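Structure, as structure tokens:
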Number of protein chains: 2
Amino acid sequence: MINDRHENIAKVCKALSHPARVLILEYLKGIDTCICGDIVNILPLSQSTVSQHLKQLKEAGLIRGDIEGTKTCYCIDKHVLENFKKTVNGL
Amino acid sequence: MINDRHENIAKVCKALSHPARVLILEYLKGIDTCICGDIVNILPLSQSTVSQHLKQLKEAGLIRGDIEGTKTCYCIDKHVLENFKKTVNGL
DNA sequence: ATCGTTTATCGTAGATTAACGATTATGAAA
DNA sequence: TTTCATAATCGTTAATCTACGATAAACGAT
């Protein structure tokens, strides 16, 4: 009964089931790329907590993290986001 | 920083963060209305568990439950669903 | 080689979620 | 009124989530 599509929608929705992660996604949408510290500066959360949120967004495929030296540059995976939008539209 | 819109997206996404609830929503979409027992019959979950899932979908506003005698007829709140789609499209 | 910056991970505590069986409540039917 | 059908709630257990501080890892700069 439950198929891969249900699982996939649930997976992405779970990643977006916390307001901080929704905000992070929108923030990334606006600036293309940023590092963890940037988000720590705009949210009242510790560095470790923000890192965890980023990890969850990454595991859901919504964002990517490119390591550059000591920094990690995060950006949206537009393809995954668009695909999610299409799937939600199909609901 | 985090505003009502972030909270709202997170709330609905949370309701859809479990594959069983995604399936239930789609099922309701297809048949317009059904009772709890119908869903128990198509999912490998107990009656109490299905009832809890329905409760979460209802609390998120995605579905309504109209009591008719001893049964409760569940149906999608199309307005809320459409609103969610639009909001997701804006991401 | 050491120091400073940045990020990820570890360990932890408290809250929440998911699932179940059992129970309760309500109304319909006999 | 007793029974049946239906759904919600209670109580419980195991798992997961959220948040934090502390620590570790990696790199650039001095």
Side-chain angles (χ1 to χ4, degrees), chain A residues 1-2 6-25 27-28 31-76, chain B residues 1-2 6-25 27-28 31-76:
Chain A
M1 273 302 161
I2 290 176
H6 300 126
E7 303 267 14
N8 185 59
I9 295 177
K11 185 182 74 174
V12 179
C13 279
K14 191 171 191 175
L16 295 178
S17 70
H18 192 292
R21 293 194 289 269
V22 177
L23 183 143
I24 290 171
L25 194 75
Y27 180 69
L28 275 170
I31 65 171
D32 249 36
T33 182
C34 78
I35 64 176
C36 180
D38 295 335
I39 298 169
V40 174
N41 288 331
I42 62 170
L43 279 179
L45 295 171
S46 73
Q47 180 270 321
S48 60
T49 301
V50 169
S51 187
Q52 296 266 30
H53 282 311
L54 287 167
K55 187 180 182 181
Q56 288 180 67
L57 287 170
K58 201 169 76 172
E59 281 174 354
L62 284 166
I63 69 175
R64 293 187 305 113
D66 300 320
I67 300 172
E68 299 199 2
T70 171
K71 306 181 179 180
T72 303
C73 296
Y74 287 98
C75 63
I76 287 189
Chain B
M1 268 300 160
I2 290 176
H6 300 125
E7 303 268 14
N8 185 59
I9 295 176
K11 184 181 76 174
V12 180
C13 279
K14 191 172 190 175
L16 295 178
S17 70
H18 193 291
R21 293 195 288 269
V22 177
L23 183 144
I24 290 171
L25 194 76
Y27 180 68
L28 274 171
I31 64 169
D32 249 34
T33 183
C34 79
I35 64 176
C36 180
D38 294 335
I39 298 168
V40 173
N41 287 332
I42 63 169
L43 279 179
L45 295 171
S46 73
Q47 180 269 322
S48 60
T49 301
V50 170
S51 186
Q52 296 268 29
H53 283 311
L54 287 167
K55 186 180 183 182
Q56 288 180 67
L57 287 170
K58 202 169 75 172
E59 282 174 354
L62 284 167
I63 68 175
R64 294 187 304 113
D66 300 321
I67 300 173
E68 299 197 3
T70 170
K71 306 181 180 179
T72 304
C73 295
Y74 288 99
C75 63
I76 286 189

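First the proteins, then the strands, lettered A, B, ... as listed; each starts at 1. Values reported hereafter were calculated over all heavy atoms of this structure, with side chains retained and with hydrogens, waters and symmetry mates removed. Small disclaimer: the values here were computed from a predicted structure and weren't measured.
Taking OG1 of A/T72 as the start and CD1 of A/I67 as the end, the distance is 5.0 Å to the nearest 0.5 Å. Rounding to the nearest 0.5 angstrom, the gap separating the CG atom in A/L57 from the CD atom in A/Q52 is 12.0 Å.
Nucleotide D/dT9 holds its C1' atom 13 Å from the CD atom of B/E59, rounded to whole Å. For A/L43 and C/dT7, the CG to P distance is 14 Å, given to the nearest whole Å. The CG atom of A/L54 sits 13 Å away from the P atom of D/dT18 (whole-angstrom rounding). Between A/I35 atom CD1 and C/dT5 atom P the separation is 13 Å, expressed in whole Å. For the pair A/Q47 CD and D/dA24 P, the interatomic distance rounds to 15 Å; values are reported in whole Å.
Shortest non-hydrogen contact noted between B/Y74 and B/G65 is CD2-CA, 3.7 Å. Taking all atoms of both residues into account, the shortest heavy-atom contact from B/E7 to B/I2 is OE2-CG2, 3.9 Å.
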Quiz item: Going through the distances and angles, do B/S46 and B/T49 end up as a side-chain hydrogen bond (donor to acceptor under 3.5 Å, both in side chains)?
Solution: CA-CA 5 Å; B/S46 73; B/T49 301; 3.0 Å; yes
Exercise. Step by step, work out the side chain to side chain contact (heavy atoms under 4.5 Å, CB included) result for B/I42 and B/L23.
Key: CA-CA 10 Å; B/I42 63 169; B/L23 183 144; 4.0 Å; yes
Please enumerate all protein N or O atoms sitting under 3.5 Å from an N or O of nucleotides 14-19 of chain C, with distances to 0.1 Å.
from: C/dT17; atom 1: OP1; to: B/K14; atom 2: NZ; distance (Å): 2.9
from: C/dA18; atom 1: OP1; to: B/R21; atom 2: NH2; distance (Å): 3.4
from: C/dA18; atom 1: OP2; to: B/R21; atom 2: NH1; distance (Å): 3.2
from: C/dA18; atom 1: OP2; to: B/Q56; atom 2: OE1; distance (Å): 3.2
from: C/dA18; atom 1: OP2; to: B/Q56; atom 2: NE2; distance (Å): 3.2
from: C/dA19; atom 1: OP1; to: B/H18; atom 2: NE2; distance (Å): 3.2
from: C/dA19; atom 1: OP2; to: B/H18; atom 2: NE2; distance (Å): 3.2
from: C/dA19; atom 1: OP2; to: B/H53; atom 2: NE2; distance (Å): 2.8

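Non-hydrogen atoms lying under 4.0 Å from DNA chain D are contributed by B/T70, B/K71, B/T72, B/Y74, all within residues 62-74 of chain B.
Between the side chain of A/R21 and the backbone N or O of A/H53, no donor-acceptor pair lies under 3.5 Å.
Partners of B/H6 by ring pair (Phe, Tyr, Trp, His ring centres under 6.0 Å), not counting sequence neighbours: none found.
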